[in-house]
Amino acid sequence: MTPFEQQMSRLNPTQLQAVTLPSQSALVLAGAGSGKTSVLTTRMAWLISTGQVTPQSILAVTFTNKAAKEMMTRLSSLLPINTRGMWVGTFHGLCNRFLRAHYRDANLPQAFQILDTADQLSSIKRLLKAMNIDTEKFQPKQVQYFINGAKEEGLRPADCDTGDFFQRKMVEIYVAYEAQCQREGVVDFPELLLRAYEVLSKNDALRAHYQARFAHILIDEFQDTNNLQYAWIKLLAGQNTVLMAVGDDDQSIYAFRGARVENMRLFEAEFAKNNLIKLEQNYRSFGHILDAANELISQNTNRLGKDLWTDKGHGEPVRIYEAASDFSEAQFVIEEIKAQINEGQMRRDIAVLYRANAQSRVIEHGLFNAGIPYRVYGGLRFFERAEVKHALSYLRLLDNPHDDTAFIRVVNFPARGIGARTLELLQDAARLHNCSLWSAVPFATGSGAAKLMGFTRMIDALRFDTQHLPLPELVDHVIAHSTLIAHYKNEKEGQDRIENLNELVNAAAAFTQIEGHASDATALQSDTDNTIITPLAGFLSHAALEAGDNQAQAGQDAVQLMTVHAAKGLEFKTVFILGLEEGLFPHENSLNEQGGVEEERRLMYVAITRAQDRLYMTLAQQRMLHGQTRYGIKSRFLDELPEASLKWLTPRASVYTAWDNTASEVATPSFGSYKKDENNTMGFRVGQAVHHAKFGDGVVVKLEGSGEDTRAYVNFGGSYGIKCLALNVAKLEVK
DNA sequence: ATCACAGGTCTTTTT
DNA sequence: GACCTGTGAT
């Protein structure tokens, strides 16, 4: 049997149905651990190996580079085909490829650079300064959010609402921002998608070409698509294109960044018609864990609906532990981890999941003291490190000197006496001539003009000296001759940075080897234009689109610490879910949002379904948060789990009870530790009915602190839930 | 140019 | 409580 035939024989009937579906579009509702990636890759292999299509006529799109890579790896292990030139990648990666090939149609310079989120933010800050806009009123982050939000809805400034003054100003900034990006030849993340979308929609010939080319489009994690992504897919799909969208509405946890679960229903109506395939057999978890997940998620409304099942048996019940504090919660987790390691469990098979990053510290501390190796996910990634970004900025200037973000970043780094005043004059000159900072250098006035000339000469020299060098040597040359290395040698803490710079050379070498001269360039060549992007341009795109691993002490067997979001798509033998308290999980900020609690519930569903063999859920009665001690209430989600699948390790139902948010009145709350309060609490007492201008009527459930510092927890019921209010600030009326 | 201090923030995050 | 950002003083 070939590897492909073996794989086919392993599929269950539903999976096989999805893999071999004839030329009809379908929506595959793939539950957690149901073999979703297998189905996608095997279907691609099936389409190719049965001769229905060539590899080039398949488009497969994912959200993360990791998923794309995984798909490629699995596909090439199934079939002895050359995957190069195949359109498998992330939305952004594919749009980048498309725009490189059609840069003229897209009205972009061939060497356009990609701004990552941080670059975009500094670009916006620069713009706001130039426009003399009050950054108190128009915060750069907000502006960024506005612009990206508009782009993700497919809106250009002309399409935006200009209702009030604020909106008009925002749109005005958006206009200026677009002009600035265009002048600099840079493109932010959502622009990659929007520009690609617009080119396709305006250019009939090009659209026809791609629609004819792609016989099959496969989309992974469809529940995470935003409006623009869905629109882009619809544009690429021709009359005869067959689409397969794979996703799980119950695992939609990215609404906060624009994901639209509704796209699944839309897709079903627009393409899949009656082709809804449900993958419901779970191969990951034991029964009790699955029962808990199913029961929890059944509380959500408006689901497409599915029930996971397993034939693995019940397994162990879900263990619940109520600790006195976050500290003892950590102690418990660490003791359990120790015990499991003693039983022979690998550390890497144990995961500690939490809602918010701030929760990791206590656990880290405990693990560190216990001498247990651990790895925390999240934080700075390789290509986001300052020294790496500096080096990349030099490289970007070689490729496109008009990239002002890169220019500003390194024009005086390492310091070469070009100060704020000099740059201000340069920016004036650039504005006057409506050109990039680079082009404005000859017009620069003031004492620093000569130094600026020196800088541009240096960049020109770097470009000239490296023009025939292979990529790794080019990078090496640039980090040396830009004096970055020398600069860090003089810094006390510079050794790590130098190592990272050398690592960048390695990354360039690895990029040359894998991506090579081959894949991207040939792929582009095969498509209309004769564009061949240089290895440097390719590497820069790669650096922007794939931020690299988080600091990885990879290889070492370590306990895994991460947020629930970061855990999506992963599985572990043993999982700890921490902080099952109201206000934390579900997070208090979600309670005000439309559909917020349901998204939190899906998040909990994702967390539970990560566990294969053993699941712990813990809560703490008291926890340090934002520098204050907060007293927790048991999470409502604990009450939504089936009793039969749980095992309480601490006495069940301590005094803490979840709030019934539907009740408008809470009588005497059965609340634990609003202890000893004969203090002066500004005339408020627990159980008192109060009124707040914004939140309406509520009941004080707990008082903290005293005098000026008194804080009241007030349950407003309904969508507001429990709020913590500082009484010297909040205007709270006694009713 | 460099450091120190104040001030604000603290849900989740990929590209 | 801890971290990052921005600003002001030397």
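Computed from a prediction, not measured in an experiment: that's the story for all the values here.
- Under a cutoff of 6.0 Å and an axis angle of 45°, A:Arg257 and A:Tyr254 form a cation-pi pair.
- Whole-Å rounding puts the A:Ile253 CD1 to B:dT12 P distance at 12 Å.
- Between the CD atom of A:Gln223 and the C1' atom of B:dT14 there is a distance of 14 Å, given to the nearest Å.
- With rounding to whole Å, A:Asn592 atom CG is found 17 Å from B:dT12 atom P.
- In this structure, A:Arg195 fails the cation-pi test against A:Phe112, since its NZ or CZ atom is not both closer than 6.0 Å to the six-membered ring centre and inside 45 degrees of the ring normal.
- A:Asp116 comes within 4.0 angstrom of no nucleic acid atom, judged by non-hydrogen atoms across all strands.
- Salt bridge annotation for A:Arg260-A:Glu152: absent, with no cationic side-chain nitrogen under 4.0 angstrom from a carboxylate oxygen.
- An OP1 or OP2 oxygen of B:dT13 is reached within less than 4.0 angstrom by a side-chain nitrogen or oxygen of A:Thr563.
- For A:Ala566, counting side-chain heavy atoms from C-beta on, the closest listed nucleotide (B:dT15, B:dT13, C:dG1) is B:dT13.
- Stacking annotation: A:Phe256 is stacked on the base of B:dT12 (ring centroids less than 5.5 angstrom apart, interplanar angle below 30 degrees).
- Mapped onto DNA chain B by nearest heavy atom, A:Phe63 and A:Asn357 fall at different nucleotides, with A:Asn357 at the one closer to the 5' end.
- Contacts of A:Phe189 with the nucleic acid, taken as non-hydrogen atoms under 4.0 Å apart, include base atoms.
- In this structure, the CG atom of A:Leu121 is 9 Å from the P atom of C:dG6, given to the nearest Å.
- Of the charged side-chain nitrogens involved, none lies within less than 4.0 Å of a carboxylate oxygen, so that A:Asp326 and A:Arg361 do not count as a salt-bridged pair.
- Between C:dG1, B:dT15, B:dT14, one nucleotide has an atom nearer to the side chain of A:Met624 than all others, and that is C:dG1.
- One interatomic measurement links the two molecules: CZ of A:Phe383 to C1' of B:dT14, which rounds to 16 Å at whole-angstrom precision.
- A:Lys451 forms no cation-pi arrangement with A:Phe455, by the criterion of a distance under 6.0 Å to the ring centre and an angle within 45° of the ring axis.
- Counting non-hydrogen atoms under 4.0 angstrom, A:Phe91 reaches nothing in the nucleic acid.
- Note on A:Arg381: a side-chain N or O is less than 4.0 Å away from OP1 or OP2 of B:dT14.
- B:dT12 sits 16 Å from C:dT5 when the P atoms are compared, rounded to a whole Å.
- Under the stacking definition used here (centres under 5.5 Å, planes under 30°), the residue A:His587 qualifies as stacked on the base of B:dT11.
- Between A:Lys125 and the phosphate of C:dG6, there is a side-chain N or O to OP1/OP2 separation shorter than 4.0 Å.
- Residue A:Asn589 has no polar side-chain atom (N or O) positioned under 4.0 Å from OP1 or OP2 of B:dC10.
- Between the CD atom of A:Gln113 and the P atom of B:dT15 there is a distance of 19 Å, given to the nearest Å.
- Considering only the side chain of A:Arg361, C:dC3 comes nearest among B:dT14, C:dC3, B:dT11.
- Distance CZ (A:Arg416) to C1' (B:dA1): 15 Å, rounded to an integer number of Å.
- For the pair A:Asn65 and B:dT15, the criterion of a side-chain N or O lying under 4.0 Å from OP1 or OP2 is met.
- When the P atom of B:dT9 is taken as reference, atom CG of A:Leu625 falls 16 Å away, rounded to whole Å.
- Ion pair A:Arg623/A:Glu581 flagged as a salt bridge, since at least one NZ, NE, NH1 or NH2 atom sits closer than 4.0 Å to an Asp/Glu carboxylate oxygen.
- A:Thr117 comes within 4.0 angstrom of a base, heavy atoms only.
- Set against B:dT15, B:dT12, B:dC10, the side chain of A:His626 has B:dC10 as its closest nucleotide.
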